[in-house]
Amino acid sequence: MERTRSAQSPPSDFIRQIVAADTASGRYGGRVVTRFPPEPNGYLHVGHAMGICLNFGIAEEFRGRCHLRYDDTNPEKENEEFVRSIERDIRWLGFDWGEHLCFASDYFERMYECAEVLIRKGLAYVDSQPTEAIREGRGTVTEPGVESPYRNRSPEESLDLFRRMRAGEFEDGAHVLRGKIDMTSPNMLMRDPVFYRIRHAHHYRQGDAWCIYPLYDYAHCLEDQFEDITHSICTLEFDNNRELYDWVLDNVGFAEPRPHQYEWAGLDLEGAVLSKRNIKPLVQARVVTGWDDPRLATIAAYRRRGVPPEALRLLAQLVGVSKTGARTEEAKLDFAIREVLNPLAPRVMAVLDPLKVVITNYPKGTSEEIDAAYFPHDVPREGSRALPFSGELWIERSDFEERPPKGFRRLVPGGEVRLRHAYVIRCDEVIKDAGGRVVELRCSYDPSTRSGTGAENRKVKGTIHWVSAPHALTAEVRLFGRLFLDTQHEAEVAEDGGVTAAPLNPGSLVVVRGVKVEPSIARDPADTRYQFERTGYFWRDPVDGAGDHLVFNRIVALKDTWAKRADVEVRATVTAEPVVATAKGADERPRPRAVDPVIAARSARYRDELGVAADHAETIAADPAFFEAALRTHANAPDVAAWIAVDLRGLLEGRALAELPFSGEAIGRLARLVQEGRTSRRAAKDVLARMVSEGGDPERLVETMGLAKVSDPAVLGGAVEAVLARWPEKVAEFRAGKSSLLGLFVGEVMKQTRGAADPEATKRLLAERLRS
RNA sequence: UGGCCCGUCGUCUAAUGGCAGGACACCGGUCUUUGGAACCGGCGGUGGUGGUUCGAAUCCACCCGGGCCAACCA
């Protein structure tokens with residue numbers, strides 16, 4: 001049972017759980033409708049890709065649908081190019097919105113009608129203050145706002161003004177439409193938010209049909225409503241907006257079941273510039289070559305770099321969905337890319353930093369062809385290519401060391417290595433130029449060691465890649481790294497619009513020219529993704545590598561445990577980081593909270609005279625009526641206090657005690673039932689939960705829910721035996737010393753008796769039974 | 001110093017009052033004509049203090065830490 005659940009179960013994050021629950025309860029009649037709502041004001045990035053996977057993924061899994069909806073309510077930032085790029089990116093990721101392509105701008109007329117409804121209800125008004133006055137009137141996070149002098153304009157006057165706003169009678173900024181909510185709300189967004197503003201601007205789809213445009217908080221929930229969205233998923237920073245989302249929908253008059261908003265953390269990828277606000281200036285100032293510069297984290301950039309879409313989808317799965325604002329390591333993306341490419345990419349050889357090797361005993365001027373498999377033994381794919389071999393080769397400069405470090409498994413003077421797919425060679429002579437730089441290696445090969453002949457299985461230290469010099473193609477290779485070394489620089493560029501570009505990571509783009517590649521690649525489709533053996537995954541740059549230009553992008557490097565080890569050794573000798581001892585253990589006792597003096601006095605009395613625990617006393621003192629009532633039916637103050645301050649409080653979900661469908665007396669009676677041993681405390685909690693949702697009488701509920709306490713050893717014993725029989729392996733584990741399993745057994749007995757069992761008695765029985 | 005959200009291995013994420021599990025990373029080993037892959041093993045976690053409970057990562061209180069909110073952007 002357990003085993004099957006572990007690896008292959010579909011991901012179920014908190015949002016999918018909500019969707020599943022809503023589907024099961026029939027809340028939306030089984031419908032699941034999500035949406036991906038980009039604003040067409042830039043290219044999508046990898047963070048959006050995660051949102052796309054979430055929204056389209058949920059729609060697929062629950063057999064619902066997902067709309068692609070452009071949130072195009074701001075005429076000044078949006079355009080057709082971005083619309084096209086977004087569609088291409090989503091399709092490339094492998095998702096399809098079918099016929100559900102939507103534009104917020106198509107709803108302008110309906111949104112306008114909703115605004116008139118709010119005005120007529122007295123819930124929206126036209127404000128004629130200048131922008132700065134509105135801003136100042138809003139107050140700050142710690143100070144309430146002040147009401148606009150236009151706030152009490154009659155609905156008739158607001159309606160007239162609003163219609164004239166639409167008709168184009170006013171200049172930009174002359175008036176706005178605001179919701180009439182609460183200028184003192186602790187949520188800034190509820191302080192009479194602006195719903196409409198005047199902008200005499202050309203909209204890329206609506207042209208000049210409109211000169212008033214709705215703002216996000218007003219528009220977005222209506223868009224969801226118009227499309228019958230069930231689950232409106234957005235990122236954490238919209239958390240504060242949810243209250244307004246609900247306000248608009250409720251007050252325009254949309255009834256349940258209506259759309260609801262849920263927030264998740266989104267993706268924060270280490271080393272990636274992840275906001276359109278920060279990417280745009282980089283593009284505009286030509287710090288990068290365009291929206292698809294492979295150093296960017298846009299979907300277009302990943303596509304151009306050669307990252308397969310499946311890798312991004314895998315990343316989404318690996319990262320998961322939660323509300324924890326968290327940063328994902330680059331290593332996870334790298335892993336996802338390799339994971340997808342490893343079983344797919346044909347292996348070929350390329351030498352990035354060539355060093356000449358002359359095979360002195362190979363017949364001069366001749367060559368031969370080796371049939372070399374495209375895939376290693378553990379990738380079940382067919383195919384091979386002809387690989388030319390000759391007496392002049394290129395090998396990687398880093399594959400030779402005159403003075404090898406410990407553990408070096410490559411070519412050294414007098415040493416041997418195997419050339420991948422070919423022969424074993426020995427380095428006989430090292431040739432240097434006047435500056436002492438190695439320029440050529442003179443080696444001899446052993447003709448009997450040719451790969452695949454099976455005749456020779458000589459043990460050599462290692463295998464290196466190579467390319468036959470006379471047959472080699474010359475290419476350019478581009479290696480990519482993160483754009484900025486730190487986020488400070490990223491912010492700088494965004495602030496100054498990219499004019500004075502902050503320093504880029506010098507390693508963000510490394511262009512390697514004179515790379516030697518085996519000739520077989522000339523015959524391959526241009527979009528082949530290769531593994532250059534021992535180096536990484538590459539493909540031809542679709543822009544600069546077109547036609548005869550051999551330009552390869554490195555998609556991701558291979559994992560390189562040797563380089564890592566060498567790197568560690570170097571760092572260890574260079575920087576011995578000072579260890580600074582920090583003083584710990586300073587007095588960190590919590591300070592008491594400031595409270596109203598009346599409440600404080602009451603709290604002290606509860607604590608000192610009635611023996612109530614201090615923090616319970618504090619909680620109860622704020623609202624004493626309920627507590628005092630409970631005391632009348634159950635005179636044990638500490639007990640009653642715990643029930644109210646702990647158990648009941650956990651069920652309140654923001655409601656006040658007075659709103660509950662039962663009285664203080666009732667909870668007192670419930671507490672008494674437990675103390676008298678007539679029901680278990682655990683069962684009483686279930687009763688309390690029922691009382692909170694439906695009201696009712698504790699004595700009768702204990703009866704009807706079948707929760708009268710069971711401590712009869714005969715009955716309990718039966719349940720115990722049943723549980724032990726069901727978990728033989730766990731019993732064995734327990735007896736082997738895993739004592740934490742006792743809780744599991746108790747829990748199972750409790751479950752079996754629906755919480756009625758006396759847990760103490762159960763525990764005693766269990767302990768006895770397991771000892772024997 | 002207002003309101004809201006969030007704190008689980010280094011990182012990401014499960015456990016929804018009952019066995020703290022998985023993945024990435026890292027470290028070892030096996031295997032290997034890629035220092036790749038695969039396989040095996042290891043390291044390592046509930047922010048703190050109290051409380052409720054037979055039993056707390058989970059519920060309650062306080063504290064600490066991080067994030068979001070004061071565009072006529074989304």
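Just so it is clear: chains get the letters A, B, ... in the order the sequence lines come, proteins before strands, and each one is counted from 1.
Across the protein-nucleic acid pair, A:Glu243 atom CD and B:C69 atom P stand 16 Å apart, rounded to whole Å. When the P atom of B:U53 is taken as reference, atom CG of A:Leu670 falls 13 Å away, rounded to whole Å. What separates CZ of A:Arg649 from C1' of B:G51 is a distance of 13 Å, to the nearest Å. Regarding A:Arg726, its CZ atom lies at a distance of 14 Å from the P atom of B:C19, rounded to whole Å. When the P atom of B:G36 is taken as reference, atom CG of A:Leu558 falls 8 Å away, rounded to whole Å. Rounded to whole Å, atom C1' of B:G51 lies 16 Å from atom CG of A:Leu648. Remark: P of B:C59 and CG of A:Leu651 are 12 Å apart, rounded to the nearest angstrom. Distance CZ (A:Arg418) to C1' (B:G36): 18 Å, rounded to an integer number of Å.
When atom types are taken as modelled, the side chain of A:Arg381 and the backbone of A:Ala345 share no donor-acceptor pair closer than 3.5 angstrom. A donor-acceptor pair is defined here as one N or O able to donate and one able to accept, closer than 3.5 Å; such a pair exists between the side chain of A:Arg191 and the backbone of A:Arg138.
In terms of polar N and O atoms assigned as donor or acceptor, the side chain of A:Arg410 comes within less than 3.5 Å of the base of B:G35 in a complementary pairing. Counting atom types as modelled, A:Asn240 pairs a side-chain N or O with a base atom of B:C68 as donor and acceptor under 3.5 Å. A:Arg420 contributes no side-chain N or O that forms a donor-acceptor pair with the base of B:U34 under 3.5 Å. Remark: the A:Lys763 side chain and the B:G55 base include no donor-acceptor N/O pair separated by less than 3.5 Å.
Taking CG of A:Leu344 as the reference point, atom CD of A:Gln531 lies at 12.0 Å (rounded to 0.5 Å). Atom NZ of residue A:Lys77 and atom CZ of residue A:Phe82 lie 11.5 Å apart, to the nearest 0.5 angstrom.
In terms of the ring pair (Phe, Tyr, Trp, His ring centres under 6.0 Å) criterion, residue partners of A:Tyr445 (sequence neighbours excluded) are, by chain and number, A:Tyr362, A:Tyr423. Applying the ring pair (Phe, Tyr, Trp, His ring centres under 6.0 Å) criterion to A:Phe375, with sequence neighbours excluded, gives no partner residue. Residues that satisfy the side chain to side chain contact (heavy atoms under 4.5 Å, CB included) test with A:Ser603, not counting sequence neighbours, are A:Ala617, A:Glu618, A:Ala621. In terms of the side chain to side chain contact (heavy atoms under 4.5 Å, CB included) criterion, residue partners of A:Ala689 (sequence neighbours excluded) are, by chain and number, A:Leu651. Not a single ring pair (Phe, Tyr, Trp, His ring centres under 6.0 Å) links A:Tyr537 to another residue, sequence neighbours left out. A search for ring pair (Phe, Tyr, Trp, His ring centres under 6.0 Å) contacts involving A:Tyr262 returns A:His231, not counting sequence neighbours. A search for side chain to side chain contact (heavy atoms under 4.5 Å, CB included) contacts involving A:Leu765 returns A:Leu716, A:Val720, not counting sequence neighbours.
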Provide a list of protein-nucleic acid N or O atom pairs under 3.5 angstrom, restricted to nucleotides 8-13 of chain B.
residue	atom	partner	partner atom	Å
B:G10	N2	A:Glu329	OE1	3.1
B:U11	O4'	A:Glu329	OE2	3.3
B:U11	O3'	A:Arg327	O	3.2
B:U11	O2'	A:Arg327	O	3.3
B:C12	OP1	A:Arg327	N	3.1
B:C12	OP1	A:Arg327	O	3.4
B:C12	O2'	A:Val319	O	2.6
B:U13	OP1	A:Ser322	OG	2.4

Which pairs, protein N/O on one side and nucleotides 39-47 of chain B N/O on the other, fall under 3.5 Å?
none

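Remark: the separation of the C1' atoms in B:G17 and B:A56 is 7 Å, to the nearest Å. Between B:U53 and B:A20, the distance separating the two P atoms is 23 Å to the nearest Å. A distance of about 15 Å separates the P atoms of B:G28 and B:C43, rounded to the whole Å. A gap of 15 Å separates the P atoms of B:G22 and B:C39, to the nearest Å.
The aromatic rings of A:Phe538 and A:Phe532 sit parallel to each other, their planes meeting at less than 30°, with 60° as the upper class boundary.
Residue A:Val141 is classed as a base contact, given a heavy-atom separation below 4.0 Å to a base. Note on A:His220: nothing from the nucleic acid sits closer than 4.0 angstrom, heavy atoms only.
Using a 4.0 Å cut-off between charged side-chain N and carboxylate O, A:Glu263 and A:Lys323 make a salt bridge.
Among the nucleotides B:A74, B:C72, B:A70, the one closest to any side-chain atom of A:Phe238 is B:A74. Relative to the side chain of A:Arg199, the nucleotides B:A38, B:A25, B:C72 differ in distance, and B:C72 lies closest. Of the listed nucleotides (B:A74, B:C19, B:C60), B:C60 has the atom at the smallest distance from the side chain of A:Asp615. Of the candidates B:G18, B:G51, B:A20, B:A20 carries the atom nearest the A:Lys738 side chain, counting heavy atoms from C-beta on. Closest to the side chain of A:Phe335, out of B:A70, B:C24, B:G51, is B:C24.
Taking only side-chain nitrogens and oxygens, A:Arg138 never comes nearer than 4.0 Å to OP1 or OP2 of B:G2. Regarding contacts with the backbone of B:A70, every side-chain N or O of A:Thr142 stays at 4.0 angstrom or more from both OP1 and OP2. Side-chain nitrogen and oxygen atoms of A:Thr561 include at least one within less than 4.0 Å of the OP1 or OP2 phosphate oxygen of B:G36. The side chain of A:Arg534 contributes no N or O atom lying less than 4.0 Å from OP1 or OP2 of B:G36. OP1 or OP2 of B:G36 has not a single side-chain nitrogen or oxygen of A:Arg338 nearer than 4.0 Å. A sub-4.0 Å separation between OP1 or OP2 of B:A20 and a side-chain N or O of A:Ser740 is present.
For the pair A:Met750 and A:Gln531, nearest-nucleotide mapping onto RNA chain B gives the more 5' position to A:Met750. Both A:Glu237 and A:Asn241 sit near RNA chain B, but only A:Glu237 has its closest nucleotide nearer the 5' end.
B:A38 shows a glycosidic angle more than 90° from 0 and is accordingly assigned anti.
Taking a pair to require two hydrogen-bonding distances under 3.5 Å in either a Watson-Crick or a G-U wobble arrangement, B:C68 pairs with B:G3. Across all strands shown, B:A74 forms no Watson-Crick or G-U wobble pair with both distances under 3.5 Å.
For RNA chain B, the residues of residues 751-762 of chain A within the heavy-atom distance limit of 4.0 Å (strictly under) are A:Pro759, A:Glu760, sorted by number.
The list of side chain to side chain donor-acceptor pair (under 3.5 Å) pairs with a residue in residues 731-746 of chain A, not counting sequence neighbours, is empty.
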Extract all donor-acceptor atom pairs below 3.5 Å that involve side chains of residues 332-341 of chain A and protein atoms in other chains or at least two apart in sequence.
residue	atom	partner	partner atom	Å
A:Arg338	NE	A:Ala557	O	2.8
A:Arg338	NH2	A:Ala557	O	3.3

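Evaluation of A:Tyr216 against the base of B:A74 yields no stacking contact (centre distance < 5.5 Å, interplanar angle < 30° required).
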